[in-house]
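For this chain, numbers begin at 1 and follow the sequence in order.
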Amino acid sequence: MVDFNLSVFTAASAADSGDAALMDVLTGALGRASAPERWATARTGIWCSVAPEGMPRRPQGWKLHVSATPASAPEVLGRCAAVLLEAGSAFKFAASIDSVVALNGRNTSRGHSGKFITIYPDSDAEAVRLAAELDRATAGLPGPRILSDRPYSRDSLVHYRYGAFIEERQITNDGFYAWMILDPDGNPVEDRRIGRYVPPSWVSCPFPDNGMSITRREGDGGARSGGDGNKVMIGSRFAVREAIRHSNKGGVYRAVDTETGEPVVIKEARPHVDADLQGRDTRERLRAEFRALEAIQDLELAPHPVRLFTQSGHLFLAQEMIPGTALREWAPDLIGEAGWGPHLAPALGMARRLADLMIRAHAAGLIVRDFNPNNIMVRPDGTPVMIDLELAVTGDDPQEEPPLAAGTPAFAAPEQMKGAPIRAAADYFSLGATLCYVFTGAPPYFLPDSPPARSLTDRLTEWLTARTQGLGLPASLTEALTGLMADEPEHRWTPERAREAMAGWTPASQPEHPEDLPDPDRRVTEAIDAGIGEAIDDSGEGHPEPQWLREACDETVEGITDFLLASMEPESALALWPASCAHGALDPCSLQHGAAGCLGALVQCYRLTADARLPQAIDVAARWILKRLEEDAKRQSGLYYGTAGTAWSMLEAGLALGDDGLVEDALAVADRLPSAVASPDMTHGTAGIGVTALHLWARTREARFAERAGAAADALVGSVEERPGGIVWRTPADLDSKLAGETYLGFAHGVAGVGYFLLAYAEAAGRADCRELAVRAGESLLGEAVITRRSAMWGARAGDAPTAPYWCHGASGIASFLVRLGLATGDARFARAADLSAQAVTDHAWRPVLGQCHGLSGTGDFLLDMASLTGGARHRAAAWRLGRIILAYGAHRDGRIVFPDERGEISATWGDGVSGILGFLLRLRYGSPRLWTADAATADADGSAGASPNGAVAGTIGSGRTA
């Protein structure tokens with residue numbers, strides 16, 4: 001999981017990077033065509049499609065791709081368009097230079113990169129003919145290798161692969177769309193688009209070999225095998241041991257220098273990747289790194305350069321391997337090991353060393369331009385060393401060309417990202433951002449305001465104040481961090497001044513290990529031991545949040561609502577709200593990544609705020625989802641990734657609006673759900689379907705939903721697996737899913753989520769066997785907990801090291817089940833583990849992601865669970881602390897408020913976007929029940945039924961089957 005995007009971003013440094021250049025080329029080509037009137041063009045997203053009117057397209061076959069650089073794209077398009085229009089062949093192309101830049105970016109997906117033009121020949125024979133003609137037409141023009149395809153010939157821009165012509169998609173068992181083709185028997189199989197050429201086994205290649213049948217390792221630039229058969233030799237002297245990573249720009253490898261026996265790191269730069277309009281590509285950045293390393297090789301500031309060499313057109317740089325840990329891991333590891341607060345002393349020592357590192361680099365004439373936690377290694381003795389100096393310049397570097405508009409978001413100075421002249425002051429900004437990361441564990445990432453309304457200094461001050469609550473940072477340190485990152489370059493502090501400010505501060509003495517800290521509240525533990533049902537209030541008077549913070553929360557709720565209303569696109573057939581997901585093409589209706597989650601948050605907002613604008617939006621969204629379900633009914637059944645969540649969301653919309661027709665439509669969708677599926681979990685499987693059935697029963701009193709909840713419980717009772725130390729539920733190994741064969745502990749995919757449903761059903765139906773199994777699930781989780789006097793945490797699987805304490809796999813989700821189990825059973829062990837989990841969540845408030853699944857909103861919801869279920873005011877205060885941190889990330893966009901998702905982008909979704917944040921803030925402000933749980937129905941259920949401790953409505957489903 002990526003917290004915020006720390007990857008380098010490179011932009012084309014040219015004024016003319018819009019649509020006009022390439023669209024003008026197409027217009028000219030059509031004007032010269034023999035029958036321009038027969039051609040239809042259409043613009044969809046980044047693509048412009050061109051096809052003869054009325055021409056049918058084959059569903060699949062051998063397709064062609066042509067690559068280009070931003071500089072060569074107009075010429076490549078012009079030459080290819082002339083051939084294709086003459087041949088009458090359909091094609092599409094990236095319609096702007098900006099899109100070409102994105103397709104060729106250094107971190108673009110290797111399965112999609114470089115595909116500037118896509119051609120759809122009407123036969124395999126025509127594909128072969130067109131490939132030869134396009135190869136001749138584009139000979140000599142630059143463009144990157146397309147990794148998912150095979151080149152027509154060596155150095156050709158023309159590539160081919162077998163795949164779908166018409167994008168027929170199916171939703172997979174994991175809840176994401178996949179592009180499909182048919183095998184010879186007519187069965188759908190995934191059209192895999194990965195970073196290497198892998199044609200389906202049943203097809204025969206019709207293209208001539210042209211010398212391309214020689215097997216080469218992925219991304220190795222033509223490396224050859226060494227003498228022992230297990231090594232790959234690069235540059236005739238470097239024996240590659242393993243790949244550290246592969247990216248579109250090329251690989252990074254661990255190797256041994258066979259001449260010296262020393263370990264080295266080898267970096268690869270693929271030709272024409274990440275190119276700009278001046279023709280500079282990732283190879284030029286690697287040459288710049290070599291020059292920088294040479295300039296400072298005697299100063300021990302960076303790895304020693306070993307050799308720069310070319311092989312098969314790829315450029316390689318071999319350099320000294322630096323032992324140690326990247327600063328990006330060092331800082332979180334420090335906080336995790338020392339604890340929040342005790343980490344300050346070693347963090348301060350590192351901050352001083354980092355300031356010294358930059359001072360020495362500048363004294364040597366080096367401007368770093370990419371000083372960030374990714375690009376700093378910490379040696380075992382604690383010495384920081386710079387790596388990845390691809391953007392660095394020395395006093396000897398030529399400066400005739402415009403500077404590259406590049407850098408790492410959150411760490412690069414704003415003027416550098418805009419292509420300003422190279423100045424040392426940009427490095428001052430990067431040092432300040434890096435020190436923020438060292439002290440807080442989070443990058444100071446801010447989406448820009450539009451129009452600009454607040455200075456970066458003001459936003460950074462607010463962010464630091466929220467992030468460092470309780471740390472007691474001196475004003476001088478905060479002043480140094482904001483001074484280094486001042487808006488105006490000429491006003492920024494120098495590293496020398498910052499070092500001097502840090503020299504005058506010594507953190508207060510703290511225990512070295514979390515275990516040495518006192519129990520966070522011994523009275524809480526004593527109260528739990530005395531009686532589980534007794535309310536806990538550790539202050540006696542609570543912790544009322546200040547008025548200004550409540551007002552800020554109200555403003556943000558309104559701002560997010562404004563954004564959701566303004567960003568709806570009901571005319572779109574693709575997605576109702578903007579979404580960003582790193583895991584694939586998402587289901588636009590789902591709760592986790594689609595419209596159902598956004599709708600649920602808006603319904604909750606309407607119930608709590610009575611915002612008069614919301615009923616119409618709620619109705620439009622529910623109708624959009626219903627229409628999409630009718631048009632594409634082949635989707636999964638799960639709560640978070642399937643139809644159960646959409647039915648739940650639409651039902652709540654209908655009830656909120658008093659629309660009986662919509663309620664009936666939602667129930668009709670729910671009636672198509674199975675009672676159980678192969679996956680047992682909460683997000684995709686039977687547990688989530690069971691919770692949905694419980695909710696539907698509580699809201700409708702329809703007996704059929706009670707029966708379905710019972711059938712789901714029966715399926716889970718029947719599929720439990722015994723193992724030494726506890727029980728688990730396993731996703732079947734033969735299921736086509738990333739979860740296949742796995743057994744997890746957490747709420748989303750594992751024991752905790754299944755246990756939660758079984759407990760909720762047991763409380764509602766009086767099912768003793770389900771209650772007993774829920775208790776055994778809780779005991780299994782206790783057996784896997786890593787417990788100290790201060791915290792309780794879990795790994796994703798049995799025996800794993802503890803993960804971050806998030807809802808999906810970690811302590812936040814697991815303890816959401818355990819606290820309810822403790823209250824239902826009176827067993828102090830479960831309640832104590834939940835309380836220790838709440839402390840773990842609080843201790844990890846420094847983590848930067850904001851969303852529900854892997855972030856602060858989900859952990860904040862758990863703290864509110866603890867507050868409402870135990871009466872603990874300190875949990876509510878801790879939730880408000882998380883809320884304050886979240887508020888500090890808000891960006892103002894035309895009067896609306898948005899937040900970055902896990903990729904640093906704007907997403908409306910529940911799982912990692914603003915809807916999930918809205919759900920938490922509403923609950924924080926109004927004390928409403930937690931969405932998508934058995935709790936949610938209780939607040940609105942018929943008063944004739946009594947509420948059980950876990951939130952399910954007890955005693956009215958019926959006695960059911962008892963053990």
Side-chain angles (χ1 to χ4, degrees), residues 518-540 542-543 726 745-747 750-760 762-763 770-794 802 805 807 810-844 858-879 929-930 933-935 938 947-952 954:
D519 191 307
D521 196 317
R522 185 169 299 280
R523 286 180 299 130
V524 172
T525 303
E526 292 169 351
I528 291 173
D529 289 337
I532 299 304
E534 182 179 344
I536 302 167
D537 186 329
D538 37 40
S539 70
H543 291 266
L745 301 177
F747 197 92
V751 173
V754 175
Y756 172 85
F757 164 63
L758 290 173
L759 177 65
E763 293 292 287
C770 292
R771 182 187 181 89
E772 178 185 350
L773 201 54
V775 171
R776 293 195 62 201
E779 290 173 340
S780 298
L781 291 168
L782 290 184
E784 294 294 340
V786 178
I787 297 179
T788 69
R789 288 187 59 206
R790 185 171 178 83
S791 67
M793 296 179 69
W794 285 262
W807 172 87
S812 166
I814 290 173
S816 294
F817 161 54
L818 292 181
V819 65
R820 290 166 171 82
L821 185 62
L823 290 169
T825 63
D827 192 326
R829 297 174 301 155
F830 303 128
R832 184 182 297 109
D835 194 71
L836 291 172
S837 298
Q839 187 60 48
V841 166
T842 302
D843 286 346
H844 286 255
T859 55
D861 260 331
F862 160 61
L863 291 171
L864 292 176
D865 285 352
M866 293 294 293
S868 64
L869 293 171
T870 71
R874 68 185 176 91
H875 298 309
R876 177 174 171 82
R930 188 170 186 174
T933 66
D935 306 16
T938 306
S948 67
N950 76 329

Check whether any side-chain heavy atom of [X] sits under 4.5 Å from a side-chain heavy atom of [Y], and report yes or no.
| X | Y | value |
| --- | --- | --- |
| L782 | F830 | yes |
| L863 | T842 | yes |
| F862 | S837 | yes |
| H844 | M793 | yes |
| H875 | L864 | no |
| D843 | R790 | yes |

Atom [atom1] in [X], atom [atom2] in [Y]: separation rounded to 0.5 Å?
| X | Y | atom1 | atom2 | result |
| --- | --- | --- | --- | --- |
| E763 | R820 | CD | CZ | 12.0 Å |
| F757 | C770 | CZ | SG | 7.0 Å |
| T825 | L818 | OG1 | CG | 10.0 Å |
| L781 | F817 | CG | CZ | 6.5 Å |
| W807 | D861 | CH2 | CG | 11.0 Å |
| L759 | Y756 | CG | OH | 8.5 Å |

Exercise. With no hydrogens and no angle check, is any side-chain donor or acceptor of R771 less than 3.5 Å from a backbone partner on A824?
Worked result: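 Side chain of R771 to backbone of A824: a pair is present.
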For this session: Would you check if there is a donor-acceptor pair between the side chains of Q839 and D835 at a distance under 3.5 Å?
Result: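 Judged by distance alone, the side chains do not pair up.
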What pair of heavy atoms forms the shortest contact from [X] to [Y], and how long is it?
| X | Y | value |
| --- | --- | --- |
| V841 | P805 | CG2-O, 4.0 Å |
| S791 | A840 | CB-CB, 3.7 Å |
| M866 | A838 | CG-CB, 4.3 Å |
| L836 | T788 | CD1-O, 4.0 Å |
| A792 | A811 | O-CB, 3.6 Å |
| G755 | A774 | O-CB, 3.8 Å |

For this session: Could you list the residues that satisfy side-chain hydrogen bond (donor to acceptor under 3.5 Å, both in side chains) with S816, not counting sequence neighbours?
Result: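 Partners of S816 under the side-chain hydrogen bond (donor to acceptor under 3.5 Å, both in side chains) test: R930.
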